[in-house]
Amino acid sequence: MIILLKNFRLILTIFLVFLFPLLFIGLNNDQIIEGNLKVESLVTLKKQQIVTHNNLFNNNSSSETKPISKGKVVVAVLDSGINHNHTDLEGIVKKSYNALDDSDDLSDNFGHGTAIAGLIASKNHDSIGISKNAFIYSVKVIQDNGEVNVSDFIRGLRWAIDENVDVINVSLGFNSGFNELKDIVDEAVNKGIIIVASSGNTNGLNAQYPARFENVISVGVVNEQLLPTKLSAIGKIDFVAPGINLITLDHHGGYSQFSGSSFSTAIVSGLIAENLNSIKIDKDKNTFPEIMDLLKKKSIGINHNKEIVGSGLPTFP
């Protein structure tokens, strides 16, 4: 069987309107295999992945799903929009904002954001999402053709901060840590918001920004055997998670396979949401160091170069 591998064009040129220099943003050369998996195979792979991840991340929760209700952890997904009508996301995507033009167009025509959301949260234990105790706020910062304007990205971050979310998932990256990005990241972290960002599929180069900032959790990619891949970044890596051939939601309402550090990042955001849900913590400038310390203590160490695997694999509380 020939599997068609569609390579997202995910290293994108950004033309800035104001005083910013020319920068590059990437969705990390993420890959999707779609339209060729038989339903039976997909169901089997989905079930296997749920079992594998529960074992891998030490999920010892009961089979009964905790009800998602007001007051649970809120994760903002800065991405291409989300298909909130997907059955696995029913009742989970609570707010949406289009940072591109303030319009009501919140759809995911690029097909990246829905996959990210599907790995972060889900409504029950038969679904793929890691956290069963999270709401998602969708922030559309990626255009339908995959391009990203820095001013749109900053506007999306501003909206998430103003909404006082708990976690911001950034499954994309810049080659430069320009001042306005650093300033708004610092503002979010000082307010107790955890930013989780993809290190990028840099093939041995350093992590991208904002992941490379010291006050952002940088996530690298490994396979299901917890071994680095040719995509793995080297440098400022805090944690890793599987990100190769993952089953997750697609924007058509079904499921597809995806690969890349974007999806490892989504898994770690889900794990952080579960850990935040399990503890009492003041939401302030000390939230980031406290969560980092907690995650490091509970992570599964990996015997490999720490510049590639960081502190290892985070786990459930």
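Residues: numbered from 1 along the sequence shown.
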With a cut-off of 6.0 Å (strictly less than), are more than 12 heavy atoms of other residues, nucleotides or ligands near CG of Asp162?
yes

Sub-3.5 Å donor-acceptor pair from the side chain of Ser80 to the main-chain atoms of Asp108, do we have one?
no

Specify whether Tyr255 and His86 have parallel, tilted or perpendicular ring planes, treating 30° as the upper limit for parallel and 60° as the lower limit for perpendicular.
perpendicular

Donor-acceptor contact below 3.5 Å, side chain Asp284 vs main chain Gly192
no

Less than 3.5 Å apart, any donor N or O on the side chain of Ser261 or Ser198 sitting next to an acceptor on the other?
yes

Residue pair Thr52 / Asn54, side-chain donor-acceptor N/O under 3.5 Å
no

Regarding Asp166 and Lys283, does a basic nitrogen lie under 4.0 Å from an acidic carboxylate oxygen?
yes

Side chain to side chain, Leu56 and Leu226, heavy atoms closer than 4.5 Å:
yes

Between Glu274 and Pro317 (side chain of the first, backbone of the second, donor and acceptor by atom type, cut-off under 3.5 Å), is there such a pair?
no

Check whether Ser232 reaches the backbone of Pro228 with its side chain - one donor and one acceptor, N or O, closer than 3.5 Å.
no

Nearest 0.5 Å please: distance from the CD1 atom of Ile267 over to the CZ atom of Phe57.
4.5 Å

Give a yes-or-no answer on whether the side chains of Asp79 and His112 include a donor-acceptor pair shorter than 3.5 Å.
yes

Is it the case that the side chains of Thr229 and Asn223 hold a donor-acceptor pair, with the cut-off being a distance below 3.5 Å and no angle test?
no

Contacts of Glu224 that satisfy salt bridge (charged side-chain N to carboxylate O under 4.0 Å, His left out) - sequence neighbours left out:
none

Applying ring pair (Phe, Tyr, Trp, His ring centres under 6.0 Å), which residue pairs with at least one partner in residues 189-212 are found, sequence neighbours left out?
Tyr209-Phe213

Once ring pair (Phe, Tyr, Trp, His ring centres under 6.0 Å) is applied, do any residues pair with His84, and if so which ones, sequence neighbours excluded?
none

Please tell me whether Asp250 and Ser256 have a donor and an acceptor in their side chains that are separated by less than 3.5 angstrom.
yes

When you check the side-chain N and O atoms of Ser131 and Asn133, is any donor under 3.5 Å from an acceptor?
no

Sub-3.5 Å donor-acceptor pair from the side chain of Ser264 to the main-chain atoms of Ala241, do we have one?
yes

In the structure I gave you, are the side-chain heavy atoms of Ile154 and Ile184 within less than 4.5 Å of one another anywhere?
yes

Please round to the nearest 0.5 Å and tell me the distance separating atom CD1 of Ile82 and atom CD1 of Ile120.
7.5 Å

Salt bridge (charged side-chain N to carboxylate O under 4.0 Å, His left out) partners of residues 295-311, not counting sequence neighbours, each pair once:
Asp293-Lys297

Say whether, by atom type as modelled, one donor and one acceptor occur between the side chain of Asn277 and the main chain of Ala273 under 3.5 angstrom.
no

In Å and rounded to the nearest 0.5 Å, what is the CD1 to OG distance from Ile217 to Ser269?
8.0 Å

Is there side-chain contact between Phe153 and Val170, with at least one heavy-atom pair below 4.5 Å?
yes

Same cluster (ILVMFWY, side-chain, under 4.5 Å), Ile50 and Leu246:
no

Check whether more than 12 heavy atoms from other residues, nucleotides or ligands sit under 6.0 Å from atom CG of Asp101, and answer yes or no.
yes

Using modelled atom types and a 3.5 Å cut-off, is there a donor and acceptor pairing between side-chain atoms of Ser122 and backbone atoms of Gly129?
yes

Does Asn98 reach the main-chain N or O of Asp105 with its side chain, forming a donor-acceptor pair under 3.5 Å?
yes

Any side-chain donor-acceptor pair under 3.5 Å between Asp238 and Ser218?
no

Taking the side chain from Lys236 and the backbone from Gln208, do they hold a donor-acceptor pair closer than 3.5 Å?
no

If we only count heavy atoms from C-beta on, is the Leu205 to Ile234 side-chain gap below 4.5 Å?
no

Can you tell if the side chain of Val219 reaches within under 4.5 Å of the side chain of Val196, non-hydrogen atoms only?
yes

Applying salt bridge (charged side-chain N to carboxylate O under 4.0 Å, His left out) to Asp282 and not counting sequence neighbours gives none

Could you list the donor-acceptor pairs under 3.5 angstrom formed by side chains in residues 134-142, with sequence neighbours left out?
residue: Lys140; atom: NZ; partner: Ser107; partner atom: O; Å: 2.8
residue: Lys140; atom: NZ; partner: Asp144; partner atom: OD1; Å: 3.2

Please determine whether a side-chain nitrogen of the Lys or Arg among Arg158 and Glu187 lies less than 4.0 Å from a carboxylate oxygen of the Asp or Glu.
yes

